[in-house]
Asker: 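This is the structure I have questions about; it appears just below.
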2 protein chains.
Amino acid sequence: MDLESELRVHDLRVTTPRRLVWQVLSESADHLTAQSIFEKVNAVDAAVNRSSVYRTLSLFAEIGLARESKLGEDEASRWEPAHADDEIHLVCESCDSVLHHSGDVVRSLRSHLGDHHDFEARAVEIVVRGRCATCGPAPASESTSEPSPAS
Amino acid sequence: MDLESELRVHDLRVTTPRRLVWQVLSESADHLTAQSIFEKVNAVDAAVNRSSVYRTLSLFAEIGLARESKLGEDEASRWEPAHADDEIHLVCESCDSVLHHSGDVVRSLRSHLGDHHDFEARAVEIVVRGRCATCGPAPASESTSEPSPAS
DNA sequence: GTCGGTGCAAATAGTTTGCATTAAG
DNA sequence: CTTAATGCAAACTATTTGCACCGAC
């Protein structure tokens with residue numbers, strides 16, 4: 001996706017913070033916190049301020065370049081490039097990885113809600129918490145409410 | 001659901017804040033913010049402190065009585081009694097109402113992920129934003145998501 | 001009487017904002 | 001040259017925490 005033209009379309013200026021935030025966002029597949037985006041940006045150009053990162057992220061969200069999601073893992077919002085609008089987040093509670101999956105589930109949910117419930121779905125956000133393929137099936141002995149084994 | 005016995009099972013004391021928070025939670029079908037729960041509780045017993053409400057809510061979440069969800073409407077978390085674990089939130093962007101819908105969508109999503117993606121789903125959280133039956137189909141002209149580039 | 005739970009106030013985390021300055025167009 | 005965008009610092013919101021006291025058991 002071309003940041004510059006995307007910005008110009010909206011009569012917005014192409015600035016260093018915007019270029020760097022976009023670079024960080026699109027280079028990492030992960031769901032980054034504003035904080036970590038700031039750190040990465042800051043590592044490249046220390047002059048960029050934290051608030052510019054926040055302002056840039058909100059701006060990107062407004063013009064549809066980025067997307068904010070509160071995955072609920074912790075308190076902070078996570079950011080990612082906006083690609084697919086309907087997307088499932090598979091959060092592995094064991095290894096903390098976040099997989100993406102966009103399939104027909106969203107499509108069928110959409111039509112189901114429209115047909116049977118008169119609800120016109122615009123944005124569908126699905127977060128599934130569980131265990132990914134790598135971490136295998138549920139462990140026999142694990143305290144269910146174990147928040148994070150990472151201590 | 002019986003708060004007192006639920007607490008006793010976990011060797012927890014039955015206190016005024018806990019009783020009141022539970023009362024508020026179970027009486028209102030809505031998704032309440034901690035703030036509004038505090039207000040309602042406080043209206044009944046002004047001695048109850050805000051932090052007790054927060055502590056109580058986390059406690060309820062831990063023992064499975066309540067459930068926190070970041071609906072993303074605003075910054076604050078929303079709380080509700082824990083009833084159905086798998087539940088769809090239908091958020092109407094027009095009238096701000098939140099409908100609940102727990103059906104087979106979650107069940108089929110679960111099995112789909114298990115069968116085709118080796119992902120063992122534990123908790124499924126679905127938030128659909130759109131327009132509810134009452135508000136009808138999409139309006140022709142509305143400046144809902146106006147990307148306001150600060151004038 | 002014991003100690004888990006509370007009220008209070010202060011701290012923290014994440015994010016936002018007012019304003020003077022800078023740099024994109 | 002104009003004014004959008006930035007850097008900075010301070011403000012704000014939601015939530016958490018340390019500690020002394022209180023009340024459930």
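Each chain gets a letter, A, B and so on, in the order the sequences are listed, and its residues count up from 1.
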Asker: Quick one: pull up CG in A:L59 and CG in A:L7 and give me the separation to the nearest 0.5 Å.
Answerer: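 One finds 7.0 Å between CG of A:L59 and CG of A:L7.
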
Asker: Could you work out how much the helix from C:dG1-D:dC25 to C:dG25-D:dC1 bends, comparing the axis of its first five pairs with that of its last five, to 10°?
Answerer: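 End axes: 40° apart.
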
Asker: Please round to the nearest 0.5 Å and tell me the distance separating atom OG of A:S52 and atom CG of A:L20.
Answerer: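 Between A:S52 OG and A:L20 CG, I get 10.5 Å after rounding to 0.5 Å.
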
Asker: What is the distance, to the nearest angstrom, from the CZ atom on A:R50 to the P atom on D:dA11?
Answerer: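 The distance from CZ of A:R50 to P of D:dA11 comes to 17 Å, rounded to the nearest Å.
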
Asker: Within the 3.5 Å criterion, strictly below it, is a donor on B:H116 or A:H101 matched to an acceptor on the partner's side chain?
Answerer: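 No, A:H101 and B:H116 have no side-chain donor paired with an acceptor closer than 3.5 Å.
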
Asker: Name the residue closer to the 5' end of DNA chain D, choosing between B:A34 and A:V53 according to the nucleotide with the nearest heavy atom.
Answerer: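 Whichever sits nearer the 5' end wins; that is A:V53.
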
Asker: Test side-chain hydrogen bond (donor to acceptor under 3.5 Å, both in side chains) on A:H89 and A:E80 and set out the steps.
Answerer: CA-CA 12 Å; A:H89 287 122; A:E80 59 184 323; 3.1 Å; yes

Asker: Apply side-chain contact (heavy atoms from CB on, under 4.5 Å) to A:H10 and A:E62, showing your working.
Answerer: CA-CA 10 Å; A:H10 294 274; A:E62 274 174 22; over 6 Å; no

Asker: Would you mind telling me which of D:dT15, C:dT6, C:dT16 lies closest to the side-chain atoms of A:Y54?
Answerer: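 Selected nucleotide: C:dT16.
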
Asker: Once you round it to whole Å, what is the distance between C1' of C:dT15 and CG of A:L59?
Answerer: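 It is 16 Å, rounded to the nearest whole Å.
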
Asker: Are B:E120 and B:R110 close enough for a salt bridge, meaning some N to O gap below 4.0 Å?
Answerer: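 Answer for the salt bridge query: no.
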
Asker: Round to the nearest Å and state the distance from A:Q35 atom CD to C:dA13 atom C1'.
Answerer: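 Rounded to whole Å, this separation is 10 Å.
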
Asker: Contact between B:F60 and B:L3 at the side-chain level, heavy atoms closer than 4.5 Å - yes or no?
Answerer: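 Yes, side chains in contact.
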
Asker: Distance check, rounded to the nearest 0.5 Å: A:R67 atom CZ versus A:H31 atom NE2?
Answerer: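 A:R67 CZ to A:H31 NE2: 9.0 Å, rounded to 0.5 Å.
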
Asker: Is A:R18 touching bases, backbone alone, or none of the nucleic acid, heavy atoms closer than 4.0 Å?
Answerer: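 Sugar-phosphate contact only.
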
Asker: Rounded off to whole Å, could you give me the CD-to-P distance for the B:E62 and C:dG5 pair?
Answerer: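 In whole Å, C:dG5 P and B:E62 CD are 11 Å from each other.
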
Asker: Does the distance from a Lys or Arg side-chain N to an Asp or Glu carboxylate O, for B:K40 and B:E27, drop under 4.0 Å?
Answerer: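 No salt bridge links B:K40 with B:E27.
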
Asker: Check the distance between C:dA24's P and A:L20's CG and give it to me in whole angstrom.
Answerer: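 Value for this atom pair: 12 Å.
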
Asker: In whole Å, I'd like the distance from the CG atom of A:L3 to the C1' atom of C:dA24.
Answerer: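 To the nearest whole Å, that distance equals 14 Å.
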
Asker: Does a side-chain N or O from B:S77 land closer than 4.0 Å to OP1 or OP2 of D:dT15, or not?
Answerer: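 B:S77 to D:dT15 OP1/OP2: side-chain N or O found under 4.0 Å.
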
Asker: Would you mind building the protein contact string for nucleotides 17-25 of chain D? One character per nucleotide, 5' to 3', B for base within reach (heavy atoms under 4.0 Å), S for sugar-phosphate only, - for untouched.
Answerer: BB----BBS

Asker: Roughly, in whole Å, what's the span from CZ in A:F60 to C1' in D:dA5?
Answerer: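 Checked: the CZ to C1' distance equals 13 Å.
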
Asker: Tell me the interatomic distance from A:R78, atom CZ, to C:dG14, atom C1', rounded to whole angstroms.
Answerer: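 Distance check: A:R78 CZ to C:dG14 C1' gives 13 Å.
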
